[in-house]
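I have placed the structure first, in the form of C-alpha coordinates, so that the comments after it can refer back to it.
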Amino acid sequence: MAFLESAALTRFLINENFQAIVRKGPLTGNGMSNFGGYLGERDVADLQNFIFSRAEIVRKK
Ligand code: HEM
(Lines give C-alpha, C1' and ligand atoms only; values in the text may rest on other atoms or scores of the structure.)
Protein backbone atom coordinates (compact mmCIF):
# COMPACT_ATOMS: atom_id res chain seq x y z
CA MET A 1 0.00 0.00 0.00
CA ALA A 2 3.04 2.27 -0.06
CA PHE A 3 1.98 3.85 -3.35
CA LEU A 4 -1.36 4.93 -1.85
CA GLU A 5 0.56 6.94 0.75
CA SER A 6 3.14 8.38 -1.59
CA ALA A 7 3.84 11.82 -2.97
CA ALA A 8 3.65 10.21 -6.41
CA LEU A 9 -0.04 9.43 -5.85
CA THR A 10 -0.72 12.98 -4.69
CA ARG A 11 0.89 14.33 -7.87
CA PHE A 12 -1.10 11.82 -9.92
CA LEU A 13 -4.41 12.87 -8.38
CA ILE A 14 -3.92 16.60 -8.63
CA ASN A 15 -2.66 16.39 -12.21
CA GLU A 16 -4.74 18.97 -14.05
CA ASN A 17 -4.23 16.95 -17.23
CA PHE A 18 -5.76 13.81 -15.72
CA GLN A 19 -8.81 13.83 -18.00
CA ALA A 20 -6.75 14.53 -21.11
CA ILE A 21 -4.12 11.88 -20.29
CA VAL A 22 -6.75 9.18 -19.82
CA ARG A 23 -9.16 10.18 -22.61
CA LYS A 24 -6.98 11.78 -25.30
CA GLY A 25 -3.89 9.55 -25.13
CA PRO A 26 -0.95 12.01 -25.19
CA LEU A 27 1.30 9.52 -23.35
CA THR A 28 0.56 6.42 -25.45
CA GLY A 29 4.16 6.49 -26.69
CA ASN A 30 5.26 5.87 -23.08
CA GLY A 31 2.82 3.03 -22.43
CA MET A 32 -0.22 4.87 -21.06
CA SER A 33 -3.15 3.76 -23.22
CA ASN A 34 -5.88 5.99 -24.57
CA PHE A 35 -9.09 5.04 -22.75
CA GLY A 36 -11.16 7.63 -24.61
CA GLY A 37 -13.17 4.96 -26.42
CA TYR A 38 -14.16 3.33 -23.13
CA LEU A 39 -14.31 6.03 -20.47
CA GLY A 40 -16.26 9.30 -20.55
CA GLU A 41 -15.57 12.43 -18.51
CA ARG A 42 -17.84 11.26 -15.71
CA ASP A 43 -16.17 7.80 -15.60
CA VAL A 44 -12.71 9.34 -15.24
CA ALA A 45 -13.93 11.76 -12.55
CA ASP A 46 -15.44 8.77 -10.71
CA LEU A 47 -12.15 6.84 -10.96
CA GLN A 48 -10.16 9.84 -9.73
CA ASN A 49 -12.53 10.24 -6.76
CA PHE A 50 -12.40 6.50 -6.03
CA ILE A 51 -8.59 6.48 -5.96
CA PHE A 52 -8.55 9.64 -3.85
CA SER A 53 -11.00 8.21 -1.30
CA ARG A 54 -9.04 4.95 -1.06
CA ALA A 55 -5.85 6.92 -0.43
CA GLU A 56 -7.58 8.95 2.30
CA ILE A 57 -8.66 5.73 4.04
CA VAL A 58 -5.16 4.23 3.85
CA ARG A 59 -3.52 7.44 5.08
CA LYS A 60 -5.78 7.51 8.15
CA LYS A 61 -4.80 3.97 9.19
C1 HEM B 1 -3.63 -1.07 -18.47
C2 HEM B 1 -3.83 0.04 -17.81
C3 HEM B 1 -2.81 1.16 -17.73
C4 HEM B 1 -1.50 1.19 -18.06
C5 HEM B 1 -0.65 0.08 -18.64
C6 HEM B 1 -1.02 2.52 -17.76
C7 HEM B 1 0.27 2.95 -17.95
C8 HEM B 1 0.74 4.20 -17.67
C9 HEM B 1 2.11 4.66 -17.85
C10 HEM B 1 3.26 3.81 -18.35
C11 HEM B 1 2.15 5.96 -17.48
C12 HEM B 1 3.38 6.88 -17.48
C13 HEM B 1 3.40 7.67 -18.76
C14 HEM B 1 4.44 8.79 -18.72
O15 HEM B 1 4.92 9.16 -17.65
O16 HEM B 1 4.78 9.32 -19.79
C17 HEM B 1 0.82 6.34 -17.05
C18 HEM B 1 0.48 7.58 -16.61
C19 HEM B 1 -0.80 7.95 -16.22
N20 HEM B 1 -1.90 7.14 -16.17
FE21 HEM B 1 -1.99 5.23 -16.74
N22 HEM B 1 -2.04 3.25 -17.25
C23 HEM B 1 -3.16 2.47 -17.19
C24 HEM B 1 -4.41 2.81 -16.73
C25 HEM B 1 -4.77 4.05 -16.29
C26 HEM B 1 -6.09 4.41 -15.79
C27 HEM B 1 -7.29 3.46 -15.72
C28 HEM B 1 -6.05 5.71 -15.45
C29 HEM B 1 -7.13 6.56 -14.85
C30 HEM B 1 -7.70 6.23 -13.73
C31 HEM B 1 -4.70 6.18 -15.71
C32 HEM B 1 -4.26 7.46 -15.51
C33 HEM B 1 -2.98 7.90 -15.73
C34 HEM B 1 -2.54 9.27 -15.49
C35 HEM B 1 -3.41 10.44 -15.01
C36 HEM B 1 -1.17 9.30 -15.79
C37 HEM B 1 -0.23 10.50 -15.68
C38 HEM B 1 0.42 10.49 -14.31
C39 HEM B 1 1.33 11.70 -14.10
O40 HEM B 1 2.33 11.83 -14.81
O41 HEM B 1 1.03 12.50 -13.22
N42 HEM B 1 -3.95 5.14 -16.21
N43 HEM B 1 -0.01 5.26 -17.17
Side-chain angles (χ1 to χ4, degrees):
M1 285 300 197
F3 177 70
L4 282 176
E5 300 170 70
S6 68
L9 177 61
T10 302
R11 279 200 305 278
F12 174 83
L13 289 168
I14 64 175
N15 190 334
E16 63 197 14
N17 299 315
F18 199 102
Q19 285 278 347
I21 291 167
V22 178
R23 297 169 55 232
K24 307 283 183 210
L27 302 178
T28 50
N30 297 337
M32 171 58 199
S33 295
N34 181 353
F35 292 93
Y38 308 96
L39 302 173
E41 183 174 2
R42 181 64 194 271
D43 299 315
V44 173
D46 286 348
L47 278 167
Q48 202 170 1
N49 284 326
F50 171 76
I51 298 164
F52 184 79
S53 64
R54 289 295 307 157
E56 287 287 286
I57 290 165
V58 170
R59 282 180 177 136
K60 282 180 188 137
K61 276 185 185 160

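Order of appearance sets the numbers: ligands from 1, and atoms from 1 within every ligand.
Judged by distance alone, with hydrogens and angles left aside, the side-chain atoms of Asn15 form no donor-acceptor pair with the main-chain N or O of Arg11 at under 3.5 Å. No side-chain donor-acceptor contact under 3.5 Å links Glu41 to the backbone of Gln19.
Distance check, rounded to the nearest 0.5 Å: CD of Gln48 to CG of Asp43 gives 12.5 Å. Considering CG of Leu27 and CG of Asn17, their distance stands at 8.5 Å, rounded to 0.5 Å.
For atom 2 (C) of ligand 1, the nearest non-hydrogen atom of the protein is Phe35 CZ, 3.7 Å. Of all protein heavy atoms, the one lying nearest to atom 7 (C) of ligand 1 is Gly31 O, 3.4 Å. Protein heavy atom nearest atom 38 (C) of ligand 1, with residue, atom name and distance: Phe12 CD1, 3.6 Å. If you check which protein heavy atom lies closest to atom 39 (C) of ligand 1, you get Asn15 ND2, 3.5 Å.
Residue Asn30 holds the heavy atom nearest to atom 16 (O) of ligand 1 of all those in Asn30, Thr10, Ile21. Nearest to atom 43 (N) of ligand 1 by heavy-atom distance, out of Gln48, Glu16, Met32, is Met32.
The proximity of Leu27 to ligand 1, defined as any non-hydrogen pair under 4.0 Å, is limited to the side chain.
Less than 4.0 angstrom separates atom 12 (C) of ligand 1 from none of the non-hydrogen atoms of the protein.
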> After noting the C-alpha distance and the side-chain angles of Arg23 and Val44, does the key distance pass the side-chain contact (heavy atoms from CB on, under 4.5 Å) rule?
Replying inline: CA-CA 8 Å; Arg23 297 169 55 232; Val44 173; 3.5 Å; yes
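If you number the atoms of ligand 1 from 1 as listed, the ones under 4.0 Å from a heavy atom of Val22 come out as 28 (C), 29 (C), 31 (C), 32 (C).
Taking 4.5 Å as the limit, every side-chain heavy atom of Leu9 sits out of range of all side-chain heavy atoms of Arg54.
The distance criterion of under 3.5 Å between nitrogen or oxygen atoms is not met by Ser33 with respect to ligand 1.
Summarising the geometry of Val58 relative to Glu5, their closest heavy-atom pair is CG1-CG, 3.7 Å, with the distance given to 0.1 Å.
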